[in-house]
S.K.: 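Here it is, the structure, as structure tokens.
Here is how names work: the chains are called A, B, and so on, in the same order as the sequence lines, proteins then strands, and each is numbered from 1. The figures here come from the full heavy-atom set of this structure, side chains too, leaving out hydrogens, waters and symmetry mates. Given the structure is predicted, the values throughout are model-derived calculations rather than measurements.
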Amino acid sequence: DARVTQTPRHKVTEMGQEVTMRCQPILGHNTVFWYRQTMMQGLELLAYFRNRAPLDDSGMPKDRFSAEMPDATLATLKIQPSEPRDSAVYFCASGFGQATDTQYFGPGTRLTVL
Amino acid sequence: DAKTTQPTSMDCAEGRAANLPCNHSTISGNEYVYWYRQIHSQGPQYIIHGLKNNETNEMASLIITEDRKSSTLILPHATLRDTAVYYCIVRPSHNTDKLIFGTGTRLQVFP
């Protein structure tokens with residue numbers, strides 16, 4: 001049963017620290033998405049990649065967030081420096097195709113910044 | 001972008017059909033209707049999507065009105081595990097991957 005995996009599942013850190021979240025998309029999927037979910041804003045798309053190239057990162061705060069795909073099996077989302085307002089659940093999703101019909105979501109990383 | 005309107009919450013008895021409505025009165029001709037759900041503490045899960053014809057899969061049925069201004073997701077025999085937030089999403093265009101999630105409908109299935 002192929003699934004998107006995310007690590008860590010939970011992260012507690014102090015303000016100012018660097019945070020790196022990792023995602024392993026489903027093998028063979030060529031599109032990877034990063035979402036953030038908070039009670040106030042709901043589920044927001046931060047960025048997404050196709051064939052490891054960034055297609056859209058308009059939802060991502062540019063000054064402290066960065067997203068990369070070092071290879072086809074790993075996507076990373078980094079926050080540096082982290083702030084309390086970054087506390088949220090971060091989801092990775094993957095899919096296949098030019099206009100991805102189905103996005104398969106991972107279990108999420110719950111980030112708490114103190 | 002077309003927007004959707006869903007009831008905030010609904011209840012359904014276990015074993016009965018759950019009918020979740022969605023209004024999308026400003027939908028354009030080439031925009032699809034997608035349904036995802038999110039069970040507590042999990043990532044969203046794809047359910048079904050359609051353009052103008054009714055669709056059915058192993059999870060649910062999607063009924064789209066002829067004018068395409070509204071749709072209904074039907075879970076034919078709801079179980080306790082169907083308790084979740086259900087999101088109705090209109091995809092801006094077939095040539096984009098973006099899904100814009102609203103606030104959804106919180107469905108509570110009770111015994």
S.K.: Any idea which of Val89(A), Val4(A), Asp56(A) has the most non-hydrogen atom pairs under 4.5 angstrom with chain B?
M.R.: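 Highest number of heavy-atom pairs under 4.5 Å: Asp56(A).
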S.K.: Check Tyr35(A), Phe105(A), Tyr104(A) against Pro44(B) for a side-chain contact (heavy atoms from CB on, under 4.5 Å) and give me the one that passes.
M.R.: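 Answer after filtering Tyr35(A), Phe105(A), Tyr104(A): Phe105(A).
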S.K.: Calculate, to the nearest 0.5 Å, the distance between atoms OH and CG belonging to Tyr36(B) and Leu43(A) respectively.
M.R.: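 Reported to 0.5 Å precision, the distance equals 10.5 Å.
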S.K.: Hey, quick one: are Met69(A) and Phe96(A) part of the same hydrophobic cluster, counting side-chain heavy atoms closer than 4.5 Å, chains of contacts allowed?
M.R.: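 Per the 4.5 Å side-chain linkage, Met69(A) and Phe96(A) are not co-clustered.
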S.K.: Should we count CZ of Arg106(B) as having more than 12 external heavy atoms under 6.0 Å?
M.R.: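 Atom CZ in Arg106(B) is not crowded, with 12 or fewer foreign heavy atoms closer than 6.0 Å.
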S.K.: Which is it for Arg50(A) and Asp97(B) under the side chain to side chain contact (heavy atoms under 4.5 Å, CB included) test, yes or no, and what are the steps along the way?
M.R.: CA-CA 10 Å; Arg50(A) 173 158 296 119; Asp97(B) 300 87; 2.6 Å; yes
S.K.: Determine whether Gln103(A) and Tyr34(B) make a side-chain contact, defined as any pair of heavy atoms from C-beta on separated by less than 4.5 Å.
M.R.: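 Contact flag for Gln103(A)/Tyr34(B) side chains = no.
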S.K.: Between Lys98(B) and Tyr48(A), which heavy-atom pair has the shortest distance, and what is it?
M.R.: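 Shortest heavy-atom contact: CG-CE2, 4.2 Å.
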S.K.: Does Leu80(B) have more than 12 heavy atoms from other residues, nucleotides or ligands lying within 6.0 Å of its CG?
M.R.: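 Yes, CG of Leu80(B) has more than 12 neighbouring heavy atoms, counting only those of other groups under 6.0 Å.
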S.K.: Verify the neighbour count for atom CD of Glu83(A): are there more than 12 heavy atoms of other residues, nucleotides or ligands below 6.0 Å?
M.R.: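 Above 12, so yes.
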S.K.: State which residues pass side-chain hydrogen bond (donor to acceptor under 3.5 Å, both in side chains) with Thr56(B); sequence neighbours excluded, sorted by chain then number.
M.R.: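 With neighbours one apart ignored, the set is Ser61(B).
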S.K.: So, taking the atom named CD in Gln38(B) and the one named CZ in Phe91(A), what distance separates them when rounded to the nearest 0.5 Å?
M.R.: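 Reported value, rounded in 0.5 Å steps: 5.0 Å.
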S.K.: Using heavy-atom distances under 4.5 Å, tell me whether Glu44(A) contacts chain B through its side chain, its backbone, both, or neither.
M.R.: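 Contact with chain B: none, neither part.
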S.K.: Determine, using the 4.5 Å side-chain heavy-atom cutoff (strictly less than), whether Met15(A) and Tyr90(A) are members of one ILVMFWY cluster.
M.R.: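 Same hydrophobic cluster.
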